[in-house]
Enquirer: 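Quick one: this structure, given as structure tokens, is what I'll be asking you about.
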Amino acid sequence: MTADPAWLRQYTPDRSTAPAVEHHDALSMFRAAVARAPERAAIHYFDGTLSYAELDARSDALASALIADGVQHGDRVALLLQNVPAFVVGLIAAWKAGAIAVSLNPMNRERELRLLFEDCRPKLVITHPETFIEAVQPALAEQPTVQVLTTFARDDQTRNDARVLGALPAQAPPCPGTRALAEVIARHRGQRPPPVRFGADDIALLVYTSGTTGLPKGAMNRHGNVAFTAQVYRDWIGLSEADGVLGIAPLFHITGLIGHVALAFLLAAPLTLSYRFEPGVMLDALAERRPAFTIGAITALIALMNHRSAQRDALSSLKAIYSGGAPIAPAVVAAFEAKFGLYVRNAYGLTETTSPATLCPVHLRAPVDPAFGALSVGVPTYGTEIRIVDAETGAPVADGEAGEITIRGPQVVAGYWNRPEATTDAIRTGWLHTGDIGVLDGDGWLYLVDRKKDMINAAGYKVWPREVEDVLYTHPAVREAAVVGVPDAYRGETVKAVLSLKAGAEATSEAIIAHCRARMAAYKVPRLVEFMPELPKTVTGKILRRELRGNG
Ligand code: AMP
């Protein structure tokens, strides 16, 4: 590292440039909150509240049950849940049992889950009854020994807000072969698991990201990574004890895991959860719980801004609001500020950086690059180095020149579960090669220019064309398939399929979409389908995705 990187000049003047790390594992962080404020609210879920002591008692009971069921140190416990209290209980219980928590998107369908389960080989899965019936049960057909606990999203509250819970049945549907999480906790209440201690390098989480091949890779977020990035949020923003956190991002994503759950533990603060994002519900939660911080995808913030009941003072309890995961248009930041009087700050990171690598400082506004109009994603945060390198040769480029963003710091993961080659490819001598193309200016501000990879970013959800194409090719009428991201006013980008059909075969857009919908999470399903007699190709026969993107 150079003696004085330019980005340090942007740091908030009255704060340290490198605060001492307080905890080296995520479980200690939670235990410290319980010791400090046992009676304080840990989770608000509509009209329900769980205190830190109650979260501790439930996770003790569940961890005791897990151990009784044979869960051992390093085993995987998979959470396939929306933003419900049981997610947090399951996470802590997994750690108390010495296990690794695997956070999986509950939107995954059977085909996707089968791959994920084959990779992480969970001992136990905690999920919702409807997710079990639709996806988990068939996906586990070949792993009959995996135990399943189910938790109903109407538990732990009585408001039954129809805007988000309305689609669920009044009672949990029966799920043969599973046990109800609430009953398991009740049976083991009062039991305490044997003490467990983690080192900073022990794996806390497996969080799946899709690689260039579209096959899921489990990023191994260490306990030390989690404790570090939680503290980055707290100290960078200047949050203090009991500053409440609003859960806008999904908890299964790294943003929610760190910027909501881990941060709340560090602050010993209440975390407000609302099953899934719905702008009207979020606005009500803001009014009722008065949180001090949130972070979410820009599409979620746009939805808050455009909601008919959004008043100017709706966000007045927030000390700061950040957005990450997808590009932010400067015009959106301006419109948001005009509406709420609050400036949205950019955060850039990957699952592989355990959430933030760069953040906009709280006392500054991010510059906009004059050449291509992009809002800066901020400056490297505490203890973090960013180097822009030539994407082909790996040689550093000059300030202001575009190249691949590489990152080194205490937040970079240990690698990918079961994927030594992918690990050495992505992390070279401590530097994470992100696949993002960016520019670092002379003052230390980072701008994202493009993606090296062909990934589509639909409202922060990452879609790999190859995976969608593979599913399209399973349709009997499809001869050639190419999947591209096209601009979309709401989602930033959306998924488009361009197809040619086999001679004599027929298929409608609706039939193609229905075929995909049955086989993959909704966010990956093409919204647009176009048919062409022949797809454009290179001389070697490779389909030219780039050319198709222009057809938007
Ligand atoms: P994930 O692992 O799902 O968090 O996705 C990480 C990817 O999201 C990065 O490699 C970027 O391509 C993109 N990304 C993250 N933060 C931002 C941001 N602030 N602006 C634009 N793209 C972002």
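All ligand and atom numbering here is 1-based and tracks the order in the structure. Residues take their numbers from the sequence shown, with the count starting at 1.
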Enquirer: Under a 4.5 Å cut-off applied to non-hydrogen side-chain atoms, are K524 and V495 in contact?
Expert: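 No. Closest side-chain heavy atoms not under 4.5 Å.
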
Enquirer: F293 vs Y233 aromatic rings, parallel, tilted or perpendicular, using cut-offs 30° and 60°?
Expert: tilted

Enquirer: Can you tell which of E352, H253, K462 gets a heavy atom nearest to atom 8 (O) of ligand 1?
Expert: K462

Enquirer: Counting only heavy atoms, which portion of N346 has something under 4.0 Å from ligand 1: side chain, backbone, both, or neither?
Expert: side chain

Enquirer: What donor-acceptor contacts under 3.5 angstrom involve side-chain atoms of residues 249-256, with partners at least two apart or in another chain?
Expert:
unit_1, atom_1, unit_2, atom_2, d
H253, ND1, T255, N, 3.1
H253, ND1, T255, OG1, 2.9

Enquirer: Say you draw a straight line from CG of N418 to CE of M220; how long is it, rounded to the nearest 0.5 Å?
Expert: 8.5 Å

Enquirer: Do you know the tightest heavy-atom contact between P291 and V245?
Expert: CB-C, 4.0 Å

Enquirer: Of P327, G325, G349, G378, which has the heavy atom at the shortest distance from atom 6 (C) of ligand 1?
Expert: G349

Enquirer: With nothing but distance in play, are any N or O atoms of A347 less than 3.5 Å from an N or O of ligand 1?
Expert: yes

Enquirer: Below the 3.5 angstrom mark, is there an N/O of G324, backbone or side chain, next to an N/O of ligand 1?
Expert: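 For ligand 1, there is no N or O atom that lies under 3.5 Å from one belonging to G324.
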
Enquirer: Can you sort out which atoms of ligand 1 are near T351, meaning under 4.0 Å from one of its heavy atoms?
Expert: 1 (P), 2 (O), 3 (O), 4 (O)

Enquirer: Using a heavy-atom cut-off of under 4.0 Å, does the side chain or the backbone of D436 touch ligand 1, or both, or neither?
Expert: side chain

Enquirer: If the cut-off is 4.0 Å to any non-hydrogen atom of L448, which atoms of ligand 1 fall inside it?
Expert: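 Ligand 1 atoms under the 4.0 Å threshold to L448: 21 (C), 22 (N), 23 (C).
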
Enquirer: For residues 318-328, which residue pairs pass the side-chain hydrogen bond (donor to acceptor under 3.5 Å, both in side chains) check, not counting sequence neighbours?
Expert: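 Non-adjacent pairs meeting side-chain hydrogen bond (donor to acceptor under 3.5 Å, both in side chains): D243-K319.
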
